[in-house]
Amino acid sequence: MQSEMLLAAADALPLTGGDEARPDARILVGFGVPAELARFAARPDWTLYVPGHPDEVRRAVLTAIARGERAYVHVSAECNAEPHGATDGFEQVRDGSAGVVLAVGAMLDPVLRATAGLDLAVLYTGIVRPFDEVGLRTAVLAADHADVVLVEPCPRGTSAHHIAGTLVHVPHRLLALGGPGALDETELAGAVRDFMR
């Protein structure tokens with residue numbers, strides 16, 4: 001059902017509301033292929049969208065067309081209950097002060113359930129390249145501890161070097177978790193609790 005919703009969203013993409021298609025736009029859409037996601041994440045000249053909801057798929061494609069981007073849109077069978085990420089940067093979904101969890105794409109709902117009751121700020125993004133350095137740095141500096149957990153639907157650590165580069169002048173700890181089916185929610189909750197002080 002969820003995969004059908006995402007595919008339907010990708011199919012229904014006429015430009016509306018005065019959006020202009022740029023002829024230089026190059027968009028690839030991949031379905032459930034984490035290795036391709038990691039491959040495009042390594043290319044600095046590509047925008048990388050990882051929408052977590054069918055509404056976000058449409059928004060990603062229309063944005064890439066309007067901006068004339070070279071974009072890879074990673075669509076998965078999983079999706080969050082509600083759309084998020086209406087802006088390009090990281091969206092703070094939950095406030096907290098003991099550390100920061102960055103959830104990418106459809107990993108948000110499992111992260112929210114796994115971290116329920118913990119005093120952690122939860123950030124969400126459906127756009128991992130370009131990486132929102134300002135948004136991450138701001139959230140980490142606002143926390144009592146510079147502890148960051150990254151949960152993304154691609155091979156573990158795909159975005160870890162971006163976090164390390166963003167926080168190069170901030171002493172921090174990083175736990176990178178990833179890959180579809182890598183951890184169930186109980187294991188995710190345990191990993192986060194074990195990592196946090």
Side-chain angles (χ1 to χ4, degrees), residues 2 6 32 34 37-38 41 48-56 74-197:
Q2 292 174 339
L6 288 170
L37 179 57
L48 184 57
Y49 294 91
V50 187
H53 186 274
D55 292 352
E56 295 174 38
H74 176 77
V75 180
S76 72
E78 294 79 27
C79 71
N80 299 316
E82 298 177 9
H84 291 276
T87 62
D88 283 349
F90 295 159
E91 174 188 347
Q92 188 154 337
V93 178
R94 182 188 291 155
D95 293 333
S97 60
V100 176
V101 180
L102 173 57
V104 177
M107 302 308 296
L108 177 63
D109 282 357
V111 163
L112 289 173
R113 289 187 294 267
T115 59
L118 299 178
D119 185 23
L120 297 172
V122 176
L123 303 179
Y124 171 76
T125 188
I127 306 172
V128 292
R129 304 290 183 277
F131 191 81
D132 181 12
E133 296 177 358
V134 172
L136 178 65
R137 192 177 302 111
T138 300
V140 169
L141 292 175
D144 294 339
H145 303 285
D147 295 335
V148 180
V149 177
L150 167 67
V151 185
E152 55 189 341
C154 46
R156 183 178 177 170
T158 297
S159 297
H161 68 285
H162 286 282
I163 292 174
T166 297
L167 302 176
V168 68
H169 298 297
V170 178
H172 66 281
R173 296 185 319 136
L174 171 64
L175 173 63
L177 303 171
L183 297 174
D184 65 26
E185 286 178 27
T186 302
E187 293 169 324
L188 176 59
V192 171
R193 287 175 193 275
D194 288 347
F195 177 72
M196 291 299 169
R197 299 169 199 232

Partners of E82 by salt bridge (charged side-chain N to carboxylate O under 4.0 Å, His left out), sequence neighbours excluded?
none
Which atoms form the tightest heavy-atom contact between P110 and L188, and what is the distance?
O-CD2, 3.9 Å
Could you walk me through whether V151 and V149 pass the side-chain contact (heavy atoms from CB on, under 4.5 Å) test, one step at a time?
CA-CA 7 Å; V151 185; V149 177; 3.9 Å; yes
Look only at the side chain of R173 and the backbone of F195, and say whether a donor-acceptor pair between them is shorter than 3.5 Å.
yes
Supply the atom-to-atom distance L118 CG to R193 CZ, rounded to the nearest 0.5 angstrom.
4.0 Å
To the nearest 0.5 Å, what is the distance between CG (L175) and CG (L150)?
8.5 Å
Testing L112, V101, L123, N80 one by one against V93 for a side-chain contact (heavy atoms from CB on, under 4.5 Å), which residue passes?
L112
Flag the pair V170 / L141 as yes when at least one side-chain heavy-atom distance between them is below 4.5 Å, and no otherwise.
yes
P34 to P153 - nearest heavy-atom pair and separation:
CB-O, 4.0 Å
Applying salt bridge (charged side-chain N to carboxylate O under 4.0 Å, His left out), name anything that partners D88, two or more places apart in sequence or on another chain.
R67
Among residues two or more places apart or on two chains, list those pairs meeting ring pair (Phe, Tyr, Trp, His ring centres under 6.0 Å) that have a residue in residues 91-131.
H84-Y124, F90-F131, F131-H162
Min side-chain heavy-atom separation V50-V75 under 4.5 Å
no
Shortest non-hydrogen contact between G157 and E152, atoms and distance
C-OE2, 3.8 Å
Can you name the side-chain contact (heavy atoms from CB on, under 4.5 Å) partners of A143, sequence neighbours left out?
V100
Under the salt bridge (charged side-chain N to carboxylate O under 4.0 Å, His left out) definition, can you give me all pairs with a residue in residues 92-102, not counting sequence neighbours?
none
Pair up each side-chain donor or acceptor in residues 102-109 with any protein partner under 3.5 Å, not counting sequence neighbours, and list the distances.
unit_1, atom_1, unit_2, atom_2, d
D109, OD2, A81, N, 2.6

Could you go step by step and tell me if V111 and V122 meet the side-chain contact (heavy atoms from CB on, under 4.5 Å) rule?
CA-CA 8 Å; V111 163; V122 176; 4.1 Å; yes
Enumerate the residue pairs fulfilling salt bridge (charged side-chain N to carboxylate O under 4.0 Å, His left out) with a member in residues 119-143, sequence neighbours excluded, ordered by first and then second residue.
none
Okay, side chain of E56, backbone of G85: is any donor-acceptor separation there less than 3.5 Å?
no
Test side-chain contact (heavy atoms from CB on, under 4.5 Å) applied to T138 - qualifying residues, sequence neighbours left out:
V134
Before you tell me yes or no, could you show the steps for I163 and L136 under side-chain contact (heavy atoms from CB on, under 4.5 Å), namely the whole-Å CA-CA distance, both residues' side-chain angles and the distance that decides it to 0.1 Å?
CA-CA 8 Å; I163 292 174; L136 178 65; 3.8 Å; yes
Is a side-chain N or O of H53 found less than 3.5 angstrom from the main chain of D55, in a donor-acceptor match?
yes
Are the side chain of R156 and the backbone N or O of A176 linked by a donor-acceptor pair below 3.5 Å?
yes
For H172, what residues pass the ring pair (Phe, Tyr, Trp, His ring centres under 6.0 Å) criterion, not counting sequence neighbours?
none
Residues that R113 engages under salt bridge (charged side-chain N to carboxylate O under 4.0 Å, His left out), provided they are two or more places apart
E185
For L37 and T158, what are the C-alpha separation, side-chain angles and deciding distance, and is it a side-chain contact (heavy atoms from CB on, under 4.5 Å)?
CA-CA 9 Å; L37 179 57; T158 297; over 6 Å; no
